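Single-structure report; data block below.
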Amino acid sequence: MQRRHFLSSSAAAVSALAAPAVWSQSAPKLTSIKFTLDFRITGQTAPFFLAQQRGYYKDEGLDVSIDVGAGSVASITRIASGVYQMGLGDISSLIEFQASNPGTPMVQAVYQYYNRAPFVIVGRKDRGITTNFRSLEGKKIAAAAVESTRRAWPMVARKLRVKNDLFTWSTTDFASRDNVVVRGDVDGATYFHDSAVSLFARMEPEELSVLQYTQAGVNLYGNAILASTALTTQNPAVVAAFLRATNRAIQESMADPAAAMAATRVREPILNEAVELERWRITQQYIAAADTRSHGLGDIFKRTLEQQVDEVVEVFGLKSRPDTESVFNRAMLPAAGARIVKT
C-alpha cells in the first residue's frame, strides 16, 4: 500500500516537474509579410488565396497579409516606400521605375507570374472594330490614366508601323470601363484579357473583338511577383519560402480551379464562381504560356527580357537603361522540378 502510494506520488511529482517544460514550448514565431495585389480580388490572383487558406505560407514560417491594389504600377511604389515587402506589379513599369531611380534597385521581380502580358483592347464589332488593329483608326478607346495596357500601346504601334494617335483615348477609371463600352460612349477599352470577363458577362462575346498585343508580335512579360531589395538582400530565405508556397498553389490552381475559386470566395464572398472560373481559364493561359514548357513557371528568358528593357527605354524615352539582373532576380525561385508545368 505504501509502495503504491509512493509510486503514485512519484508520478505526480514527475508530471508536476515536466509540466512547466511542456507549457514553455511555444509555436515558432512567424515572419510577417505584407503583400499587395495589383488590383481587386478576383480569380486572376486565386493562387495567393489558395496558399493562404491551405496553410502553405504558414507551413513555410510566414504570416502573409494580402491587400487589394490600386493598379500594377502602384504596387511598385508601395513596395519601394517600405509599406509592403512584396506584391504583384508590371515588369515594364518596373523597368521604367528603375530607369528613373538609378543605382541600387529598391524593388526587383523575383517570380514571373504572367509569362506574357495579357494586354488587350476589346472593341465593339458594331463600331467596325475587328481583330485587325488598323480597324481602331479614328475610334474612341477608354482607359485609365495610368494603366499598363494603355502605356504599352506605343510598342504595338511601332511594331505594326501605325501612328501612336491611330485612335483617341478617353480617360476613365477602372470601375467605369465596362459601363462606357456597354452604353456605347466609346468604341472599345483596354483590359487585361482576364479582366474583360466582366464585360463579356454584359455583352455577348460575338458582339466584341479582342485584339491581343501578343498577336501584334509584342512579346512582353507581364505582372511579376515583386520584392523589396531590402528583403531580398537581408532575408532571401523568406522570399524563397513565399515563392515555394505560391508556386505550389499555382500548380494546384491549374489542376483544380474550383478549389482555388472557393478559396478566393472565402476572402471575397460576393464573387460569382462561374465568372471567376472563366477568368482563371484565361489567366492561366498567360501564366503557363509557351515559354514555361522549357524553363518552368516563374522564370524568364534573359534575351526576351533584354529586348523588353530596350523597347521600354526607347519607347518611353528613358535616360538610363537598367540591366536585366537588377530587374529580375531569379536566385530565390523554387526548384526547377517544382516549376514544371503539369497541365
Side-chain angles (χ1 to χ4, degrees), residues 18-70 72 74-89 105-113 223-256 259-269 271 287 297-298 328-339:
V22 172
W23 287 107
S24 66
Q25 292 175 0
S26 58
K29 185 177 180 181
L30 301 177
T31 301
S32 296
I33 292 291
K34 288 191 66 179
F35 183 87
T36 176
L37 296 174
D38 55 336
F39 198 38
R40 61 177 181 263
I41 297 168
T42 69
Q44 292 163 285
T45 50
F48 300 101
F49 297 102
L50 186 67
Q52 193 174 54
Q53 187 204 50
R54 291 186 169 176
Y56 297 161
Y57 292 131
K58 188 175 181 180
D59 291 345
E60 292 282 0
L62 306 177
D63 177 18
V64 177
S65 61
I66 304 173
D67 291 341
V68 297
S72 54
S75 297
I76 298 167
T77 54
R78 282 184 171 189
I79 296 168
S81 72
V83 176
Y84 291 84
Q85 292 82 46
M86 300 186 73
L88 198 61
M106 291 181 278
V107 183
Q108 290 181 299
V110 291
Y111 186 105
Q112 193 58 50
Y113 190 69
N223 282 7
I225 296 176
L226 311 176
S228 69
T229 308
L231 185 62
T232 59
T233 55
Q234 296 170 18
N235 207 340
V238 166
V239 179
F242 181 92
L243 297 182
R244 280 194 302 271
T246 304
N247 182 78
R248 180 181 178 185
I250 290 171
Q251 293 277 25
E252 293 180 7
S253 295
M254 291 192 290
D256 187 0
M261 297 313 111
T264 308
R265 290 187 69 241
V266 170
R267 173 66 183 270
E268 196 66 74
L271 294 177
I287 292 176
L297 298 168
F328 192 94
N329 185 343
R330 62 188 309 276
M332 291 150 287
L333 284 173
R339 295 185 291 101

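Excluded from the calculations below are hydrogen atoms, water molecules and symmetry mates; all remaining heavy atoms, backbone and side chain alike, are included. Given the structure is predicted, the values throughout are model-derived calculations rather than measurements.
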Legend entry - Atom of I41, atom of L271 and distance for their closest heavy-atom approach: O-CD2, 3.7 Å

Legend entry - Results of ring-ring contact (aromatic ring centres under 6.0 Å, His included) for Y57 - residues two or more places apart only: F242

Inset, instruction - Answer yes or no: is there a side-chain heavy-atom contact under 4.5 Å between L88 and L226? - result: no

Legend entry - Partner residues of R265 under the salt bridge (charged side-chain N to carboxylate O under 4.0 Å, His left out) criterion, sequence neighbours left out: none

Inset, instruction - Identify the two heavy atoms, one from A249 and one from P47, that lie closest to each other, and give their separation to 0.1 Å. - result: CB-O, 3.2 Å

Inset, instruction - Not counting sequence neighbours, which residues clear salt bridge (charged side-chain N to carboxylate O under 4.0 Å, His left out) with R54? List them please. - result: E252

Inset, instruction - Write out all pairs satisfying salt bridge (Lys or Arg N to Asp or Glu O under 4.0 Å) with one or both partners inside residues 34-44, taking only residues at least two apart or from two chains. - result: none

Inset, instruction - Quick one: closest heavy-atom pair of Q251 and A338, and the distance? - result: NE2-O, 3.0 Å

Inset, instruction - State, to 0.1 Å, how close A263 and Q53 come at their nearest heavy-atom pair, and which atoms those are. - result: CB-OE1, 3.5 Å

Inset, instruction - Sequence neighbours left out, what passes side-chain contact (heavy atoms from CB on, under 4.5 Å) with M332? Give chain and number order. - result: V110, T232, P236, V239, A240, L243, N329

Inset, instruction - For Y111, check ring-ring contact (aromatic ring centres under 6.0 Å, His included) against everything at least two apart and list the hits. - result: none

Legend entry - N/O donor-acceptor pair under 3.5 Å between R339 side chain and N247 backbone: no

Inset, instruction - Not counting sequence neighbours, which residues clear side-chain contact (heavy atoms from CB on, under 4.5 Å) with A230? List them please. - result: S228, Q234

Inset, instruction - Quick one: closest heavy-atom pair of I79 and A227, and the distance? - result: CG2-C, 4.0 Å

Legend entry - Partners passing side-chain contact (heavy atoms from CB on, under 4.5 Å) against Q112 (at least two apart in sequence or in another chain): I91, Y221, A224, I300, F328

Legend entry - Summary of salt bridge (Lys or Arg N to Asp or Glu O under 4.0 Å) pairs that have at least one residue in residues 223-237, sequence neighbours excluded: none

Donor-acceptor pairs under 3.5 angstrom involving side-chain atoms of residues 58-65: please list them, not counting sequence neighbours.
unit_1	atom_1	unit_2	atom_2	d
E60	OE1	R244	NE	3.4
E60	OE1	R244	NH2	2.8
E60	OE2	R244	NE	3.1

Legend entry - Partners passing ring-ring contact (aromatic ring centres under 6.0 Å, His included) against Y84 (at least two apart in sequence or in another chain): none

Inset, instruction - Decide yes or no for L231 and I33: does some side-chain heavy atom of the first lie under 4.5 Å from some side-chain heavy atom of the second? - result: yes

Inset, instruction - Can you sort out the partners of A262 under side-chain contact (heavy atoms from CB on, under 4.5 Å), two or more places apart, ordered by chain and number? - result: none

Legend entry - Validation row: L37, F35 side chains within 4.5 angstrom (heavy atoms): yes

Inset, instruction - Search all heavy atoms of M261 against all heavy atoms of A46 and return the closest pair with its distance. - result: CE-CB, 3.4 Å

Inset, instruction - Tell me, please, whether F49 has R267 positioned over its six-membered ring: NZ or CZ under 6.0 Å from the ring centre and within 45 degrees of its axis? - result: no

Legend entry - Sidechain-backbone polar pair: T229 side chain, P105 backbone, donor-acceptor under 3.5 Å: yes

